[in-house]
Amino acid sequence: MTVLIITRSLDNQCVDSVMAAIERQGGRAFRFDTDKFPTEVRLIAQYLESSEKLQLISSHGELDLHEVTAIWHRRLEIGGRIPRNVDMQLRMASIDESSRTVKGMLESLKAFRMDPEPVIRRAEHKQIQLQVARELGMDTPRTLITNDADAVRAFAQDCEGGIVTKMLSSFAVYEEGLEKVVFTNPVSRADLEDLNGLSLCPMTFQEQLPKALELRTTVVGDRVFTASIDSQVSAQAQYDWRKDGVALLKNWQRFDLPRNVEQQLLELMDYFALNYGAIDFILTPEGRYVFLEINPVGEFFWLEDSPGLPISSAIADVLLGRAFRREYSR
């Protein structure tokens with residue numbers, strides 16, 4: 001069995017871990033770094049009267065795409081290495097044509113996908129995540145997504161414990177070549193008095209919840225892996241554990257979710273037809289399990305080191321058809 005891994009050259013060790021797990025189980029894993037297409041990777045799709053040729057050629061070797069039995073959709077960065085000094089209109093045209101070439105090829109393959117791009121894109125929307133989670137009986141934080149400053153001030157008055165703000169997208173700014181990610185941050189009184197920036201960019205606001213633990217649950221097929229972190233041991237990580245994530249990497253512990261919460265998560269995965277999802281929760285001191293979001297392509301690499309969750313092996317099981325799968329009906 002051959003698994004095609006759709007990723008990019010700067011992806012993290014998740015890819016190597018899953019490739020190793022696939023090969024341990026007797027499968028073949030072929031890595032497609034999409035940022036290297038079309039500059040370094042070649043794709044041939046030839047359709048003749050009585051034959052069809054689909055071939056991918058890269059530094060990793062050559063692959064007859066008819067042999068692909070499963071696709072793991074990790075990351076897309078098609079055209080990422082097309083020189084920046086190319087005329088902007090020509091560069092964008094090249095990226096668009098390259099994207100259509102790759103996506104058309106992927107769509108034509110008769111292989112299992114974890115997960116199809118349309119499924120991922122739909123599940124990424126936080127609004128429908130919260131809506132479905134609530135319908136399934138999950139506890140969710142009071143949330144406001146808006147560009148209306150008055151609505152934010154009224155929302156803040158209703159949330160006695162304060163509010164935090166975050167972005168719906170994976171947002172970062174770059175200063176002197178360094179990436180600075182926008183994390184979850186508290187909203188102060190001064191912030192509430194100066195909300196003019198909302199007229200240029202809407203934001204998400206949520207009630208600030210007390211944290212006994214932060215939980216990261218990774219669902220692969222019908223297997224549920226959960227780890228916990230006491231983010232409050234770090235002043236820097238008080239509002240978002242990722243702010244001090246490197247220092248806290250070894251502090252993650254295995255955690256058993258209540259069975260009813262696990263069942264709700266599996267129903268959430270069923271709703272979106274997802275085979276993989278990384279879910280964030282807050283466990284409050286009162287014992288509330290508060291669902292924050294699901295990331296259909298979320299990271300997991302540190303959870304394999306500490307506390308040692310076998311997520312790569314579970315992914316390999318699904319990709320090789322040896323575990324439960326949710327099939328996507330087109």
Side-chain angles (χ1 to χ4, degrees), residues 1-7 11-32 63 65-75 106 109-124 129 132 136 215-227 252 254-281 294-330:
M1 304 186 78
T2 300
V3 178
L4 178 63
I5 299 176
I6 307 301
T7 184
D11 207 341
N12 59 45
Q13 58 261 45
C14 287
V15 174
D16 290 336
S17 296
V18 172
M19 290 180 70
I22 290 169
E23 288 164 6
R24 280 196 304 270
Q25 297 187 36
R28 180 191 182 193
F30 192 95
R31 177 173 180 150
F32 178 14
L63 176 65
L65 291 166
H66 292 104
E67 297 175 0
V68 173
T69 54
I71 299 168
W72 183 32
H73 188 110
R74 266 286 296 177
R75 295 285 184 264
L106 293 175
L109 298 184
K110 297 177 173 63
F112 168 78
R113 288 159 172 78
M114 193 177 89
D115 282 303
E117 190 180 9
V119 169
I120 291 172
R121 297 295 167 247
R122 181 169 183 258
E124 283 177 333
Q129 290 181 17
V132 175
L136 292 173
L215 307 178
R216 178 76 160 199
T217 296
T218 307
V219 180
V220 184
D222 60 358
R223 299 183 67 185
V224 181
F225 305 94
T226 301
W252 287 86
R254 292 189 183 225
F255 187 90
D256 292 325
L257 274 182
R259 182 56 192 161
N260 68 304
V261 178
E262 286 195 355
Q263 185 58 42
Q264 289 169 333
L265 284 180
L266 291 174
E267 291 174 7
L268 183 72
M269 300 290 284
D270 290 342
Y271 179 89
F272 287 114
L274 284 171
N275 285 282
Y276 177 89
I279 301 102
D280 292 322
F281 280 96
I294 178 171
N295 186 335
V297 286
E299 304 297 355
F300 61 86
F301 62 91
W302 75 95
L303 298 174
E304 296 207 293
D305 294 330
S306 178
L309 300 177
I311 297 171
S312 290
S313 293
I315 291 173
D317 285 338
V318 172
L319 290 170
L320 295 174
R322 297 171 181 170
F324 171 80
R325 289 174 165 181
R326 291 177 184 85
E327 298 287 351
Y328 173 57
S329 133
R330 304 190 189 190

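The figures here come from the full heavy-atom set of this structure, side chains too, leaving out hydrogens, waters and symmetry mates.
The main-chain N or O of Arg326 is found under 3.5 Å from a side-chain atom of Asn275 such that the two form a donor-acceptor pair. Distance alone, capped at 3.5 Å, places no donor-acceptor pair between the Arg223 side chain and the Ala323 backbone. At distances below 3.5 Å, not a single donor-acceptor pair connects side-chain atoms of Glu67 with backbone N or O atoms of Thr2. In terms of modelled atom types and a separation under 3.5 Å, the side chain of Gln129 and the main chain of Ile294 share a donor-acceptor contact. Between the side chain of Thr69 and the main chain of Ala111, no donor-acceptor pair closer than 3.5 Å is present. The backbone N or O of Gly308 lies less than 3.5 Å from a partner atom in the side chain of Arg254, making a donor-acceptor pair. In terms of modelled atom types and a separation under 3.5 Å, the side chain of Arg74 and the main chain of Ile5 share no donor-acceptor contact. Side-chain N or O atoms of Tyr276 include none that pairs as donor or acceptor with a backbone N or O of Thr218 at under 3.5 Å. Within the 3.5 Å criterion, the main-chain N or O of Ile22 finds no donor-acceptor partner in the side chain of Arg28.
Not a single side chain to side chain donor-acceptor pair (under 3.5 Å) links Asp305 to another residue, sequence neighbours left out. By the side chain to side chain donor-acceptor pair (under 3.5 Å) test, Arg122 is found to be paired with Tyr271, residues two or more places apart in sequence or in another chain being considered. Listed by chain and number, the residues in a side-chain contact (heavy atoms from CB on, under 4.5 Å) with Ala21 are Arg24, Ser312, Ser313, Ala316 (sequence neighbours excluded). The side-chain contact (heavy atoms from CB on, under 4.5 Å) test applied to Val297 returns Arg75, Ile120, Asn295, not counting sequence neighbours. A search for side chain to side chain donor-acceptor pair (under 3.5 Å) contacts involving Arg325 returns nothing, not counting sequence neighbours. The side chain to side chain donor-acceptor pair (under 3.5 Å) check on Thr217 picks up Thr226, with sequence neighbours excluded.
In this structure, Ile311 and Glu304 approach most closely via the heavy-atom pair N-OE2, 3.1 Å. When every heavy atom of Leu266 is checked against every heavy atom of Asp222, the shortest pair comes out as CD2-CA, 3.9 Å. Looking at every heavy atom in both residues, Glu299 comes nearest to Cys14 through OE1-SG, 3.5 Å. Nearest heavy-atom pair, Val119 versus Phe272, reported as atom, atom and distance to 0.1 Å: CG1-O, 3.1 Å. For Leu303 against Ala227, the heavy-atom pair with the smallest separation is CD2-CB, 3.7 Å.
Distance CZ/Phe255 to CG/Leu309: 13.0 Å, rounded to 0.5 Å. Here Leu109 contributes atom CG and Ile71 contributes atom CD1; the two are 5.0 Å apart, rounded to the nearest 0.5 Å. A distance of 10.0 Å separates CG of Leu136 from CD of Gln263, quoted to the nearest 0.5 Å. Here Gln25 contributes atom CD and Leu320 contributes atom CG; the two are 5.5 Å apart, rounded to the nearest 0.5 Å. Remark: Trp252 CH2 to Arg216 CZ distance equals 7.0 Å, nearest 0.5 Å.
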Exercise for the section: Begin with the C-alpha distance, continue with both residues' side-chain angles, and end with the deciding distance and a verdict on side-chain contact (heavy atoms from CB on, under 4.5 Å) for Val132 and Leu268. Expected result: CA-CA 7 Å; Val132 175; Leu268 183 72; 3.7 Å; yes
Practice task
Could you go through the side-chain contact (heavy atoms from CB on, under 4.5 Å) check for Met114 and His73 one step at a time?
Solution key: CA-CA 6 Å; Met114 193 177 89; His73 188 110; over 6 Å; no
Problem - Val261 vs Phe281, side-chain contact (heavy atoms from CB on, under 4.5 Å): CA-CA, chis, key distance, verdict - result: CA-CA 11 Å; Val261 178; Phe281 280 96; 3.9 Å; yes
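Residues Leu4 and Ile6 meet the side-chain proximity criterion, which asks for heavy atoms closer than 4.5 Å. Side chains of Asp280 and Leu215 form no contact here, defined as non-hydrogen atoms less than 4.5 Å apart. Put simply, the side chain of Met19 reaches to within 4.5 Å of the side chain of Val15, judged on heavy atoms. Residues Val18 and Trp72 form a side-chain contact, since some pair of their non-hydrogen atoms from C-beta on lies under 4.5 Å apart. Two residues are said to be in side-chain contact when any heavy atoms from C-beta on lie closer than 4.5 Å; Arg31 and Asp11 meet this criterion. Side-chain contact between Phe225 and Val219 is absent, with no heavy-atom pair separated by less than 4.5 Å.
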